Amino acid sequence: MSGIPEPEEFRAAARQWLTGVAAARADRREWGRGDDSVAVFENWSEAEEREHTDRIRDWERTRFDHGWGALDWPPEHGGRELPSYYEQLYRVEESGFDVPRRTEVFPVTQQLVAPAIRIWGTEEQRRRWLRPMLRTDELACQLFSETEAGSDLAAVRTRAVRQDDGWVLSGHKIWTSGARVATWGVAVCRSDPDAPKHAGITVFLVRMDAPGVVVRPIRQMTGGSSFNEVYLDDVFVPDTDRLGPVGEGWRVTLTVLAAERLDSGGLGLDNADRALDLARHLPRPLTDGEQQRSADLFVRSLVQRLTGLRVTAALAAGREPGAEASVGKLHATATLRATTDLVQQLLGPRLAADTGEWGTFAWTEHLLGAPGYRIAGGSDEIQRNILAERVLGLPKEPKGAGR
């Protein structure tokens with residue numbers, strides 16, 4: 001561990017640097033003042049999304065240029081080669097300062113796509129993409145899900161046909177966050193329709209401004225359009241933009257999905273804390289049922305945090321978390337549901353009436369957005385299958401069983 005600062009030394013240095021470049025954040029727990037948004041998915045127009053993306057990018061570049069970005073990456077990519085959990089230590093310190101909150105396209109780029117390129121990319125691809133993505137000069141989105149291949153990602157139908165020195169991609173992707181602001185899209189495609197389901201898949205990095213790429217926003221229940229559908233209409237991709245071997249894209253895809261599940265373990269904790277604050281500031285005594293739900297949410301959020309520490313410990317030991325990531329994802333979606341249940345009980349009709357009262361109607365965006373994370377990053381059913389097979393050792397259910 002030579003050259004690696006002790007955690008407390010590292011945190012003190014991070015606080016000192018942050019103090020010089022950002023203002024301290026006012027106490028977010030000051031009830032009744034400030035932003036009361038608890039949205040799970042942002043409710044922005046395209047112009048607002050681009051404006052906010054630019055602010056985040058400016059901050060991420062500042063971090064990177066001063067040695068506080070890409071902390072666990074080697075120096076040749078602009079990092080400091082610190083243990084992975086030092087990024088989480090930094091984030092704890094950063095949370096006390098008024099800096100832009102990252103939207104989903106940033107962790108997708110830095111924590112999902114860049115590591116996949118590091119593992120599967122050629123030397124030329126690493127030189128070309130890694131530093132720009134870690135610095136957020138380039139942003140990437142996931143072109144994974146399809147209307148008939150959501151959690152069953154191996155069932156993708158988007159075609160990749162070899163042509164001269166490249167490929168022609170044709171198909172339709174859906175539920176893509178950040179597609180309007182991303183430079184690149186990581187596309188999972190079927191390159192051999194005659195191969196078995198998990199074979200014959202190849203992954204490409206597609207320029208989002210390439211001819212034939214069409215991005216259309218999907219209107220959500222909240223009224224916003226965080227997600228998009230992306231049409232690939234005979235899009236030419238040079239073979240130099242293929243990621244990983246031809247026909248082995250399923251392995252590349254699993255690399256991205258594993259990282260996504262690791263990143264989802266902290267989902268919903270801020271809103272759970274806000275819901276417990278709501279219970280504390282309710283202008284009446286809590287009923288027995290409300291006390292029970294509040295206690296349940298407190299315990300769930302505590303268990304979720306402890307699970308996150310287990311993931312961090314696995315990373316610190318140089319081991320890729322497996323079951324911990326799936327358990328964390330399941331806890332996260334359960335915490336989101338428990339948060340909704342408590343808030344509905346506490347607010348009653350006030351939740352549905354836009355009276356302008358702080359901290360009431362704002363919860364509708366949590367209520368309407370939270371169910372989406374039962375699907376995102378691998379559905380709850382997929383996580384349970386992973387635990388059943390890899391932890392309990394249960395056999396896979398034969399096709400057609402129970403029908």
Side-chain angles (χ1 to χ4, degrees), residues 5 7-71 78-80 82 85-111 134-137 139 177-178 181 224 226 263-278 280-281 301 305 308 339 356-363 365-366 369:
E8 284 308 314
E9 177 188 353
F10 172 83
R11 292 180 65 171
R15 281 195 300 274
Q16 182 178 8
W17 178 74
L18 285 161
T19 300
V21 295
R25 189 187 299 275
D27 186 359
R28 73 176 298 278
R29 295 293 186 86
E30 189 173 358
W31 190 253
R33 298 183 60 183
D35 184 7
D36 66 346
S37 174
V38 284
V40 178
F41 300 105
E42 300 298 344
N43 190 7
W44 287 331
S45 66
E46 181 174 356
E48 290 170 330
E49 183 179 11
R50 291 188 180 281
E51 179 185 358
H52 197 76
T53 298
D54 288 341
R55 289 202 303 271
I56 304 170
R57 179 183 270 138
D58 287 344
W59 171 245
E60 289 297 315
R61 287 168 173 167
T62 299
R63 281 187 61 212
F64 186 91
D65 292 345
H66 287 82
W68 293 98
L71 292 169
R80 293 165 59 178
L82 296 173
Y85 64 92
Y86 274 60
E87 175 69 23
Q88 293 171 309
L89 295 178
Y90 170 82
R91 291 291 176 191
V92 170
E93 297 303 324
E94 189 186 71
S95 66
F97 291 83
D98 188 16
V99 300
R101 181 177 59 83
R102 294 193 305 168
T103 50
E104 189 171 353
V105 73
F106 287 87
V108 165
T109 300
Q110 297 167 316
Q111 292 156 229
L134 294 171
R135 193 175 183 266
T136 69
D137 297 322
L139 296 174
S177 301
V181 296
S226 295
D263 189 55
S264 66
L267 280 172
L269 289 174
D270 283 347
N271 283 3
D273 292 342
R274 184 71 71 91
L276 292 171
D277 279 347
L278 174 64
R280 295 185 186 100
H281 290 88
S301 60
R305 286 181 165 94
T339 298
E357 182 184 359
W358 191 94
T360 56
F361 186 71
W363 280 101
E365 291 207 52
H366 173 93

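Model, not experiment: these values are computed from the prediction.
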Atom [atom1] in [X], atom [atom2] in [Y]: separation rounded to 0.5 Å?
X      : Y      : atom1 : atom2 : answer
Trp17  : His66  : CH2   : NE2   : 6.5 Å
Asp273 : Leu278 : CG    : CG    : 12.5 Å
Trp59  : Phe106 : CH2   : CZ    : 13.0 Å
Ser45  : Arg50  : OG    : CZ    : 10.5 Å
Glu94  : Leu89  : CD    : CG    : 13.0 Å
Arg91  : Leu71  : CZ    : CG    : 8.5 Å

How close do [X] and [Y] get, counting heavy atoms only, and between which atoms?
X      : Y      : value
Ala272 : Ser301 : CB-CB, 4.4 Å
Ala70  : Phe64  : CB-CE1, 4.0 Å
Thr109 : Val105 : OG1-O, 2.7 Å

Worksheet item: Going through the checks in order, is the side chain to side chain contact (heavy atoms under 4.5 Å, CB included) test met by Leu18 and Tyr90?
Response: CA-CA 10 Å; Leu18 285 161; Tyr90 170 82; 3.6 Å; yes
Worksheet item: So, His281 side chain and Asp277 main chain: donor-acceptor pair closer than 3.5 Å or not?
Response: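 Answer holds: yes.
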Worksheet entry | Arg11 (side chain) donor-acceptor with Glu93 (main chain) under 3.5 angstrom |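 Checking the backbone N and O of Glu93 against the side chain of Arg11, no donor-acceptor pair under 3.5 Å is found.
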Worksheet entry | Worked check of side-chain hydrogen bond (donor to acceptor under 3.5 Å, both in side chains) between Glu104 and Ser177 | CA-CA 7 Å; Glu104 189 171 353; Ser177 301; 3.1 Å; yes
Identify whether the distance between the nearest side-chain nitrogen and carboxylate oxygen of [X] and [Y] falls below 4.0 Å.
X     : Y      : answer
Asp36 : Arg274 : no
Arg57 : Glu60  : no
Arg55 : Asp58  : no

Discussion item. Assess the residue pair Leu82 and Glu87 against the criterion (side chain to side chain contact (heavy atoms under 4.5 Å, CB included)); give the C-alpha distance rounded to whole Å, side-chain angles, the decisive distance to 0.1 Å, and a yes or no.
Written reply: CA-CA 8 Å; Leu82 296 173; Glu87 175 69 23; over 6 Å; no
Practice prompt. Check Ile56, Thr53, Thr136 against Arg102 for a side chain to side chain contact (heavy atoms under 4.5 Å, CB included) and give me the one that passes.
Written response: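 So, applying the side chain to side chain contact (heavy atoms under 4.5 Å, CB included) to Arg102 and each of Ile56, Thr53, Thr136, only Ile56 qualifies.
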Worksheet entry | Partner set under ring pair (Phe, Tyr, Trp, His ring centres under 6.0 Å) for Phe10, not counting sequence neighbours |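 For Phe10 the ring pair (Phe, Tyr, Trp, His ring centres under 6.0 Å) partners, ignoring immediate neighbours, are Trp68, Tyr86.
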Worksheet item: Given the rule in the side chain to side chain contact (heavy atoms under 4.5 Å, CB included) test, do Val21 and Arg63 qualify, once you have shown the distances and angles that lead to the verdict?
Response: CA-CA 10 Å; Val21 295; Arg63 281 187 61 212; over 6 Å; no
